[in-house]
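Structure first, then comments.
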Amino acid sequence: MLSIRNPKDFFTGILLLVTAALFAYGLTELQIGTAYRMGPGYFPMVLTGLLIVFSVVLIINGFITDGEAIGEIPWRALIIITASIVLYGATLKGLGLVLALALTVLLSTFAAEKWDAKAAIGVTIVLVAASVAIFVQGLGLPLSLFGPWVGGY
Amino acid sequence: MDIFSNLAFGFEHALTLNNIWYCFIGVLLGTLIGVLPGLGPVATIAMLLPITFGLPPVTAMIMLAGIYYGAQYGGSTTAILVNLPGEPGSVVTAIDGHQLARKGKAGYALFTAAVGSFFAGTVATFLIAGFAPPLAAVALTFGAAEYFALMVLGLAAAVALAHGSIVKALAMVVLGLLLGTMGQDLYTGAPRFTFGSTEFADGIDFTALAMGVFGIGEIIRNLERTEVREPIRSKLRDLIPTREEFKAIIAPVLRGTGLGSMLGILPGGGAVLGSFASYSIEKKLSKNPVPFGKGAIEGVAGPESANNAGAQTSFIPMLTLGIPSNPVMALMIGALIIQGIVPGPNVITDKPDLFWGLITSMWVGNAMLLILNLPLIGIWVRLMTVPYNLLFPAIVAVCCIGVYSISNNPFDVYLMAIFGVIGYFLVKLDCEPAPLLLGFVIGKLLEEYLRRAMLLSRGDPLVFFQRPISATLLILAIIALLLVLLPSIRKKREEAFKE
């Protein structure tokens, strides 16, 4: 019975194989050409081929070598950090820098093991004020402070 | 022009009020962020990259270089005072440096690190000024085949020097190259791997990738565990060593500088290799009654000099050949491309102000570090204790604002979030992200040279082995990869990384 003895190699292989499959799908729309006159797809095709070879080697490695377990994944931090960044992208144009950044920072503070209301609110206020001062006033980034959703421009 | 008139020309550009100011800001910001927990030079530069986009190219590069050695120095300071190396180059510094600090000799260790780094930086500046122009002249004769071979060698070296599994490092390079091919094809303009979205038309934004993998991914990794930092307090008057103490560091500093300078030039080299090599050499040569690992000053002086010398000479392949030897140089190349400059041997002749200005600014920056750091040590110590829970929201904020500012497109923000998750899982699965970044930066150029060489040879792949320089480079690349696959060397390599 085969069992996964090296989970890190095995899952790396699987993830890379999925990625390679995505690129292989993308390749179907591209002209490959010849080695003399390479089309847009030639170089990526070679790379995709190599990626498939490496991922298969890693998957096989996963069965025949011993390795450490992957270990715990901090799902909470992972999801909250990602969500807070996405929130910034989604609300910046509508809410403007002040509120979008405040929401982003506030949400991100929940990624910490222990959430401390005082510290979280303090960090949010300081960071928003500092960002407005440094990035908008200082470096002159073209960001509106309050967006159309809250009556700005 | 000889080396001195070149340097004088460089100082004219480095010493304009504006450039001195940005060099100062770069060094200060670099050190400031470098001493903060959980941020190494790569993350620091990636985070601050967008700030430099609005600056003229010379100023931008001067500031980025300042950030780099500032962050390096900050890393050494945390290594000595809290036993947490901020970056891989100061891993060995932490071993003896922290022991010295615990014995009440933190000042001596910090002084040694600062003076050693400054001396190494000075020597390396002259080395770059002396060696870069002839090297670039040779590179000007290179054709497409030679460039292709050179880049393959660079990537092979990065794989050989990566930690852990070779297959994973190879896969990371290939994945990086593949991600680099996304966007318009150079020759036909055909959209590649855009999956029907216009957002991918220009490919993946380099800054979003770098900030995601090295900035955001790092946050998630740091939130896995909370570490307690207790820096050792040091008084300023302890900083000046006695005459004997000073004598003890001279030889290791000289050796470290030599070793670091040489190893820094190698593709895949940079700061890390030199510091490790120097540590093992000093360990063998030491006549110090204090054993290594218990606070031997040579263990700080040698590696710190080597680390700084290597950090600086790794600019040589970047500036003359346009090839990054480590992730920091990959970021520098990315910055150059964003500034509209094609990295390569033409930079010296086409942009002498940039080339010589940058080189001389390194010396200026190193002098600033020396003046700045010793008196400001009290502030750095206080910064080291900033709780991570207050720090990571700030990193998130800076990354978000920075990545959006590149093209005012929310898509780049989402991309950064995705690469943050990817970066976290890569490290979790023991895949080093550095080769991925190198591959991504080199990808388009590598393809262009490959296609051009094949076009010129009418599709004969043997062209790469018929031209002597290209053949030599490719054979070196193959040897580098074969060597790490040999079991005996493999074992040694694993030991070296463990040390």
Which atoms of Ala190(B) come close to chain A, meaning under 4.5 Å heavy atom to heavy atom: side chain ones, backbone ones, both, or neither?
side chain
Under 4.5 Å from any heavy atom of chain A, what part of Tyr388(B) do you find: side chain, backbone, both or neither?
neither
Dump the intermediate steps for side-chain hydrogen bond (donor to acceptor under 3.5 Å, both in side chains) on Glu224(B) and Tyr424(B), then the final yes or no.
CA-CA 11 Å; Glu224(B) 266 181 17; Tyr424(B) 169 75; 2.5 Å; yes
Need one label for Ile219(B): side chain, backbone, both or neither, based on atoms under 4.5 Å from any heavy atom in chain A.
side chain
Between Phe411(B), Tyr414(B), Tyr187(B), who has the most heavy-atom pairs with chain A when the cutoff is under 4.5 Å?
Tyr414(B)
Using a strict threshold of under 4.0 Å (side-chain N to carboxylate O), is an ion pair present between Lys444(B) and Glu448(B)?
no
Structural part of Asn408(B) lying under 4.5 Å from a heavy atom of chain A
both
Give, for atom CG of Asn409(B) and atom CD of Glu199(B), the distance between the pair rounded to the nearest 0.5 Å.
5.0 Å
Considering only heavy atoms and a distance below 4.5 Å, find which of Ile73(A), Thr124(A), Ile80(A) pairs most often with chain B.
Ile73(A)
Between Pro461(B) and chain A, which part of the residue has a heavy atom less than 4.5 Å away: side chain, backbone, both or neither?
neither
If the test is side-chain hydrogen bond (donor to acceptor under 3.5 Å, both in side chains), which one of Asp66(A), Thr65(A), Asn61(A) qualifies with Arg5(A)?
Asp66(A)
Per-residue contact mode, Cys400(B) against chain A (heavy atom under 4.5 angstrom):
both
